[in-house]
Engineer: 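Here it is: the structure, laid out below.
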Amino acid sequence: MRVPLSWLREYVDLPATETGREVQAKLIAAGLEVESVEQLGAGLKGPLVVGKVLTIEELEGFKKPIRFCTVDVGTANGTGEPQEIVCGARNFAVGDKVVVVLPGAVLPGDFAISARKTYGKTSHGMICSGDELGMGDDGSGGIIVLPPEHEVGTDAIELLELVDEVLDIAVTPDRGYCLSMRGVARETATAYGLPLRDPALLDVPAPNSFGYPVRVSDPAGCDRFTARTVTGLRPDARSPIWLRRRLQKAGMRPISLAVDVTNYVMLELGQPLHAYDRSRVEGTIGVRRAEQGEKLTTLDGAKRVLDAEDLVITDDRGAIGLAGVMGGANTEIADTVVAAPASFADSGEAQGTTDVVIEAAHFDAVSVARTARRHKLSSEAAKRFERGVDPQAASAAAQRTVDLLVLLAGGTAEAGVTEVIAPSAPHTITMRADHPDRVAGVAYGRETVVRRLQEVGCDVYGQDSLTVTVPSWRPDLVEINDLAEEVIRLEGYENLPSTLPRPPAGRGLTERQRLHRRVGRALAGDGFVEAPNYPFVGEQVFDQLGLDKDDPNRRVVKLVNPLSDEEPALRTTLLPGLLATLRRNDGRGSHDLALFETGLVFHPRETSDGDEAALPARLPVDRRPTDEEIAAQNRALPDQPRHVAAVLAGAREQAGWWGKGRPADWADAVEAARSVAREAGVELIVQQGQYGPWHPGRCAELNVFIEYADGAAEDGTEGEIVAVGHAGELHPRVIKALGLPARSCAMELNLDVLAKAGEGTLQAPGISAFPVATQDVALVVDADVPAAVVEAFLRDGAGELLEDIRLFDVFTGEQVGAGKKSLAYALRFRAADRTLTVDEATAARDAAVARAAEVTGAVLRGA
Amino acid sequence: MSAPNKSYDPVEVEALKPEEIERMRDEALAAFAAAADLDQLQEAKTAHTGGTSPLALANREIGALPPQAKADAGKRVGMARGAVNKALAARQTELEAERDARVLVEEAVDVSLPHDRVPAGARHPLTTLSERIEDIFVAMGYAVAEGPEVESEWFNFDALNIGPDHPARGEQDTFFVDAASLGAPGDAQAGDDASGVVLRTHTSPVQIRSLIDREPPVYVICPGRVYRTDELDATHTPVFHQVELLAVDEGLTMADLKGTLDHMVQALFGGEGMKTRLRPNFFPFTEPSAEMDMVCYVCRGESVGNPDKPCRTCSSEGWIELGGCGMVNPKVLAACGVDPEKYSGFAFGFGIERMLMFRHHVEDMRDMVEGDVRFTRPFGMEI
């Protein structure tokens, strides 16, 4: 809502020195979001006067038509001689009254005017357009032509009200009444403690039976309909300058007198109005729901197919308007002239409307909102009805419109006054007098509470318990907290004290939250840089990642309205985003990269064959949903596990004065996964794997062991092995498809599964102080036997005396034979209660080797 | 060792002759003096003080002497060994000093050499700033609450008093989830939001989940990612982070809200004079509602009306807009099964990106989004 300060002063006697910025501060404190104060005519300096065009000489030989004019500006130029001015515009003629700026003046934008040579003549000033004067939208950009009655030499700055301040207010949805001068004026009056001249306080004739016939068939959708008729409008009547200027400052475009007047009254009182050309309305005006499929062409020229929920205005032929949203083209007021709206003095062909029916009605907010949304049609009227219009102002608004049409267009108000009103009681709220005190934490006292509520427009009765009748223009005041807010804001939010509540003692972060932080720190400590990415993906990325056609990660949650049609789905893996960021960094010259991300991925829930997933029900809001209802809501949502992923490219260790660097490889990816698992207190079970994005020979399948929550199963198993992710070097095809650096590596883990595997409290290990006995063994196995398996069986065979085992060398070559490898292990033995003898340690080692040999075919090297 | 021999003449034991012992002593002293470094001294030490050194061997002979001669010889050998040990210690000290002065100097390195073998990693500042804010409230007794990012409309809108026809619902720039992709029959005719599932537009649904899951008093802080259909540019991103707070207890007031906000900005920005300002506003889920501003932490308001000291952080406004807040709307409490007659609550929320921008002078939203390591690395582990 744009509020010209000069207009606001009409309703509130603000101190003459009060600036727009000062008013802004007061209104902000009162809760109106005054976003800016526009300074109209800032820096504007005269002389700027009314002139009369005396002669026009067309100058030839230029690229565009140029006119050399003489203009009578009276004595404004000091000489009384005609002013010689060169002008490029053509929408004026000899004898027209125009606005002339003379040398020495400054126009908005610091545009100083002086006599200057142009097109072979000297131009002593300019004939002005609305744009040049900063007058706002006039739709043309042409020269201003004034009505003939304005005298030559009159100061145009004052005449055109060029200097003003305009408050731009972002009206929140609860304050529909502030979409009017009346509402903003009320807030201003309260903020300054000044009386309000309420423009809705008008003498309105009582309704009678000879007004224009109206039938409301849907009183729930339309609880009030006022119709008035004005006849004999002068077709050539134009909106006066003051009216046009106010509309322009408020951000509306002057169109024609009847339309301008309805817009003006809407801005003033907040009541949307509609003017019908009476000659084009047939019979009774009705209000009803549309028939499904009914058609209507609205004023914007759009042909619309109506819904059975749309509320329409009708005449005997059918729909003539979408109630509260937009009128129909079939009863549109005919513009009186075919002319540029910039001209204040057009007197074109007079074939326009002479008789109008004025509608001032009150429509249901929800109905209007739905219709506006359904037809994607926002209008000034709909904006107001959605947010709540004062139903009691309808008659006054109709009267004000009638008055202005009579005054400005010489019309005659017909005596007939139609008012169809569905009876309704004013809304009352019962509130304890100290409720605002209890909400604010401030002792305002009953007296203050009552006074503030009265300033808002409420009627208040009672002592400890107040019965508050809210004013008709505040449909947002429904509950006791709404009233509390009114009191608190008028008393000033800035005056609230600052106190601290005392929450019960807390328990800190959850295990899960601590894990998430630990994982981030561990990876960052290992040199990885965190890079959170958008979760939007396109399905082609799954092809690029080499996923099988039936890979579950191809099942995606999709958006109806994605930002990009290329990426309509939500990620099922973190890799697409993270790899894109890897590529972006590489492209920007950072080549040695280690990145990680933790975040949610999204999987549609599995449904059994043929079953369709249930969508979430629209639950009530007047009670807590039942546990079953909540569970059903959650079941309707996708599965959203948290993942962690890391990617590497370039050098893991840089070359430097210390020696050579080392490129990142598959083992770094696996180690990153191990590092994450360590934070979760979980040992990863690493196996050779094969999965789309990874190099088929360099892909680790990562698993964890999860104990059954309710003890061992019948067959004695205590838990299960669960897949938790993959790590390794990426497949060269994936690297090519995604444009990644060669040999890029990656790992991805399901953090939720990992967290589950790591539940439980660590038991402290027993530490023996007896000496250690160390034995080294080298085992030769087939090259495809995993080291992890050999180690597992060495452990198994070594028994309880084994304290630690470590693979310290892997060797292949002629000595061990083709297709073989040698694994060298250091075994450390120790007993809890004695010093081991050499024989004991050797026996344990031999048992370990024997077990590994038995299962993996390992042969002790050198044996 | 030889047995005592009372008739034995000590003069006849060659090794114990006074001149012999002097010779052994002098040879030892000469060897120590000749040792050029600690290694050579160690050799000389072994040769002249070890178990097989001449003096040690001579010492063994003393036992064989008659008592009178025993005392004389013992005294002579003892004095000689004392002198040798003293000379050894002195030379040891001398050579160590020389080593310290010369050898360690020769071993000197250029300690200014870089050692960026594995470049440092870092956590994203959005993560660490969010954690810092969480920690302030955890210290006060709040719990950190989380929830799904793909959320039902009931949690994201309805329960927050944003009904289907509420004007605010249309202003949220919501991403809607396609029903068919959830495995449900789509209904294109029913409009875009037909699935009833959206990307959460704020972390407020986590407040609802907290109120439903917990018994009051409830004190939670809800950090997380949220989504709006804004194109990425210098000041907007479709995916951003919020922190919201919810306190529901008996007797909570707007003054408590104000105090909690004041505490937060003091904890985050420190120092004297940090405080917040509330301005009336409207949100469906709070009533009364307010916009909250904090004093500019850089100029502390001193740049206002002071053109000589302009402040780029607050554009010399003195205040920085932080977010929205208010008293929990009783309708929201009722939808969560909390008795509004007994309990009241307050809530606030703000964007982490915005705070990161003004706290660390990030000029462009895209820097926080694109994952460029040059941006993130300097932020390290904490912020």
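Chain identifiers are assigned alphabetically (A, B, ...) following the order of the sequence lines, protein sequences preceding nucleic acid strands; residue numbering begins at 1 within each chain. These numbers were taken from a predicted model, which means no experiment stands behind them.
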Engineer: Let me know if A/A655 has heavy atoms under 4.5 Å from chain B in its side chain, its backbone, both or neither.
Structural biologist: neither
Engineer: Nearest 0.5 Å, please: how far is OG in A/S498 from CD in B/Q266?
Structural biologist: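 Here the interatomic distance stands at 7.5 Å.
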Engineer: Check for a donor-acceptor pair, side chain of B/D372 on one end and backbone N or O of A/N585 on the other, with a separation under 3.5 Å.
Structural biologist: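 Such a contact is absent between B/D372 side chain and A/N585 backbone.
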Engineer: Do A/E597 and B/H124 come close enough that some side-chain heavy atom pair is under 4.5 Å?
Structural biologist: no
Engineer: Given side chains that start at C-beta, do those of B/C336 and A/R624 come closer than 4.5 Å, heavy atoms only?
Structural biologist: no
Engineer: Which answer fits A/L570, side chain, backbone, both or neither, if we ask what part of it has an atom under 4.5 Å from a heavy atom of chain B?
Structural biologist: side chain
Engineer: Do you know which two heavy atoms are closest between A/R618 and B/D158, and how far apart they sit?
Structural biologist: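 So the two residues come closest at NE-OD2, 3.2 Å.
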Engineer: Could you check if a side-chain atom of A/E530 sits within less than 4.5 angstrom of a side-chain atom of B/R123, using non-hydrogen atoms only?
Structural biologist: yes
Engineer: Please determine if B/E370 and A/R588 form a salt bridge, counting it only when a charged side-chain N lies under 4.0 Å from a carboxylate O.
Structural biologist: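 Here B/E370 pairs with A/R588 in a salt bridge, since their nearest N and O are under 4.0 Å apart.
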Engineer: State whether the side chain of A/Q513 and the backbone N or O of B/V144 hold a donor-acceptor pair below 3.5 Å, judged by distance alone.
Structural biologist: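 Answer holds: yes.
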Engineer: Is it the backbone or the side chain of A/V621 that comes under 4.5 Å from a heavy atom of chain B, or both, or neither?
Structural biologist: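 Both backbone and side chain.
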Engineer: When you look at CZ of A/R514, are more than 12 heavy atoms from neighbouring residues, nucleotides or ligands closer to it than 6.0 Å?
Structural biologist: no
Engineer: Tell me, with the steps shown, if B/V150 and A/Q640 meet side-chain contact (heavy atoms from CB on, under 4.5 Å).
Structural biologist: CA-CA 8 Å; B/V150 177; A/Q640 302 172 52; 3.6 Å; yes
Engineer: Does a side-chain heavy-atom distance below 4.5 Å link B/S344 with A/V439?
Structural biologist: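 The answer is no, as the side chains (C-beta and beyond) never meet within the 4.5 Å cut-off.
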Engineer: When rounded to the nearest 0.5 angstrom, what is the spacing between CZ in B/R374 and OG in A/S590?
Structural biologist: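 So the gap between those two atoms works out to 5.5 Å.
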Engineer: Write down the atom of A/P504, the atom of B/P217, and the distance for their closest heavy-atom approach.
Structural biologist: CG-CG, 3.8 Å
Engineer: Is the side chain of A/N481 donor-acceptor paired with the backbone N or O of B/P288 at a distance under 3.5 Å, no angle test?
Structural biologist: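 No.
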Engineer: So how far is it from B/R279 CZ to A/L27 CG, rounded to the nearest 0.5 Å?
Structural biologist: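 It is 13.0 Å, given to the nearest 0.5 Å.
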Engineer: Using non-hydrogen atoms and a 4.5 Å limit, figure out which bit of A/I480 sits close to chain B: side chain, backbone, both or neither.
Structural biologist: neither
Engineer: Given that the side chain runs from C-beta out, which part of B/P114 has a heavy atom under 4.5 Å from chain A: side chain, backbone, both or neither?
Structural biologist: both
Engineer: Would B/E134 and A/R517 pass as an ion pair if we require N to O under 4.0 Å?
Structural biologist: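 Looking at A/R517 together with B/E134, the answer is yes, because their closest N to O distance falls below 4.0 Å.
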Engineer: Looking only at heavy atoms, which two atoms of B/G196 and A/P616 are closest? And how far apart?
Structural biologist: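 Taking every non-hydrogen atom into account, O-CG, 3.4 Å.
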Engineer: Using a cut-off of under 4.5 Å for heavy-atom pairs, which of B/V118, B/T229, B/D116 has the most such pairs with chain A?
Structural biologist: B/D116
Engineer: Check for me whether the distance between the ring centres of B/F175 and A/F536 falls short of 6.0 Å.
Structural biologist: yes
Engineer: Hey, is the main chain of A/K558 close enough, under 3.5 Å, to the side chain of B/S181 for a donor-acceptor pair?
Structural biologist: yes
Engineer: Where do A/L619 and B/W154 come nearest, in terms of heavy atoms and distance?
Structural biologist: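 So the two residues come closest at O-NE1, 3.0 Å.
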Engineer: Between B/N329 and chain A, with a heavy-atom cut-off of 4.5 Å, which part of the residue counts as in contact: side chain, backbone, both or neither?
Structural biologist: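 Just its side chain gets close to chain A.
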Engineer: Where on A/W657 is there a heavy atom nearer than 4.5 Å to chain B: the side chain, the backbone, both, or neither?
Structural biologist: side chain
Engineer: So for A/L578, is it side chain, backbone, both, or neither that comes closer than 4.5 Å to the heavy atoms of chain B?
Structural biologist: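 For A/L578, no heavy atom lies under 4.5 Å from chain B.
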Engineer: More than 12 heavy atoms of other residues, nucleotides or ligands under 6.0 Å from CD of B/E341: is that the case?
Structural biologist: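 Open: at most 12 neighbouring heavy atoms sit under 6.0 Å from CD of B/E341.
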Engineer: Could you tell me which portion of B/M140 (side chain, backbone, both or neither) has an atom closer than 4.5 angstrom to a non-hydrogen atom of chain A?
Structural biologist: both
Engineer: Within the 4.5 Å heavy-atom criterion, are B/T260 and A/L500 side-chain neighbours or not?
Structural biologist: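 With C-beta onward as the side chain, the pair touches.
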Engineer: Could you check whether any side-chain heavy atom of B/L232 comes within less than 4.5 Å of a side-chain heavy atom of A/Y534, counting everything from C-beta outward?
Structural biologist: yes
Engineer: Using heavy-atom distances under 4.5 Å, tell me whether B/T237 contacts chain A through its side chain, its backbone, both, or neither.
Structural biologist: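 Contact with chain A: backbone and side chain both.
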Engineer: Give a yes or no answer on whether the side chain of B/E287 reaches the backbone of A/E485 with a donor-acceptor pair at less than 3.5 Å.
Structural biologist: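 No, B/E287 side chain to A/E485 backbone: no donor-acceptor pair under 3.5 Å.
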Engineer: Any heavy-atom pair between the side chains of A/Y493 and B/R277 that's under 4.5 Å?
Structural biologist: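 Side chain of B/R277 against side chain of A/Y493, heavy atoms only: no contact under 4.5 Å found.
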Engineer: What part of A/L595 gets closer than 4.5 Å to chain B, counting heavy atoms only: side chain, backbone, both or neither?
Structural biologist: side chain
Engineer: Of all of B/D249, B/L199, B/L252, which one pairs up most often with chain A through heavy atoms under 4.5 Å apart?
Structural biologist: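 Answer, by heavy-atom pair count under 4.5 Å with chain A: B/L199.
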Engineer: Over all heavy atoms of both residues, which pair between A/R512 and B/E146 is shortest? Give the atoms and the distance, please.
Structural biologist: NE-OE1, 4.3 Å
Engineer: Roughly how far, to the nearest 0.5 Å, is CG of B/L182 from CG of A/L637?
Structural biologist: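 Atom-to-atom, A/L637:CG and B/L182:CG are 8.5 Å apart.
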Engineer: Against chain B, label A/L563 side chain, backbone, both or neither, depending on which of its atoms sit under 4.5 Å from a heavy atom there.
Structural biologist: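 Both parts, backbone and side chain.
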Engineer: Please flag which part of A/P568 lies under 4.5 Å from any non-hydrogen atom of chain B: side chain, backbone, both or neither.
Structural biologist: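 No part of A/P568 comes within 4.5 Å of chain B.
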Engineer: Taking all atoms of both residues into account, what is the closest heavy-atom pair of B/A255 and A/G441, and its distance?
Structural biologist: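 So the two residues come closest at CB-O, 4.4 Å.
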Engineer: When rounded to the nearest 0.5 angstrom, what distance separates CG in A/D174 from OG in B/S289?
Structural biologist: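 Between A/D174 CG and B/S289 OG, I get 7.5 Å after rounding to 0.5 Å.
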Engineer: Sort A/P620 into side chain, backbone, both or neither according to what part of it lies under 4.5 angstrom from a heavy atom of chain B.
Structural biologist: backbone
Engineer: Given that the side chain runs from C-beta out, which part of A/A594 has a heavy atom under 4.5 Å from chain B: side chain, backbone, both or neither?
Structural biologist: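 It is neither, since no heavy atom gets under 4.5 Å.
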Engineer: Is the backbone N or O of B/T174 less than 3.5 Å from a side-chain atom of A/N561, with the two atoms forming a donor-acceptor pair by type?
Structural biologist: yes
Engineer: Does any backbone or side-chain atom of B/F379 lie under 4.5 Å from a heavy atom of chain A? Answer side chain, backbone, both or neither.
Structural biologist: neither
Engineer: Does any backbone or side-chain atom of A/R584 lie under 4.5 Å from a heavy atom of chain B? Answer side chain, backbone, both or neither.
Structural biologist: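 Contact with chain B involves the side chain of A/R584 alone.
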Engineer: Let me confirm one number: the CD-CZ distance from B/E382 to A/R521, rounded to the nearest 0.5 Å.
Structural biologist: 6.0 Å
Engineer: At a heavy-atom separation under 4.5 Å, does B/K275 approach chain A through its side chain, its backbone, both, or neither?
Structural biologist: neither
Engineer: Is there a donor in the side chain of A/R489 and an acceptor in the side chain of B/N281, or the other way round, less than 3.5 Å apart?
Structural biologist: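 No donor-acceptor contact under 3.5 Å links the two side chains.
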Engineer: What residue in B/L211, B/V239, B/V138 has the most heavy-atom pairs under 4.5 Å with chain A?
Structural biologist: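 Between B/L211, B/V239, B/V138, the count favours B/V239.
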Engineer: Under a 4.5 Å cutoff for heavy-atom pairs, which residue among B/A143, B/A247, B/P330, B/A159 has the most contacts with chain A?
Structural biologist: B/P330
Engineer: Heavy-atom distances under 4.5 Å only: say whether B/P340 touches chain A with side chain, backbone, both or neither.
Structural biologist: neither
Engineer: Would you indicate whether B/E215, at its atom CD, is surrounded by more than 12 heavy atoms from other residues, nucleotides or ligands within a distance under 6.0 Å?
Structural biologist: no
Engineer: What I'd like to find out is whether the side chain of B/V177 reaches to under 4.5 Å of the side chain of A/V560, using heavy atoms alone.
Structural biologist: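 Contact flag for B/V177/A/V560 side chains = no.
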Engineer: Counting heavy-atom pairs closer than 4.5 Å to chain B, which one of A/D592, A/T499, A/T172 comes out on top?
Structural biologist: A/T499
Engineer: Less than 4.5 Å to any heavy atom of chain B: does that hold for the side chain of A/E479, its backbone, both, or neither?
Structural biologist: side chain
Engineer: Given that the side chain runs from C-beta out, which part of B/F283 has a heavy atom under 4.5 Å from chain A: side chain, backbone, both or neither?
Structural biologist: neither
Engineer: Considering only heavy atoms, which portion of A/D526 lies under 4.5 Å from any heavy atom of chain B: side chain, backbone, both, or neither?
Structural biologist: backbone
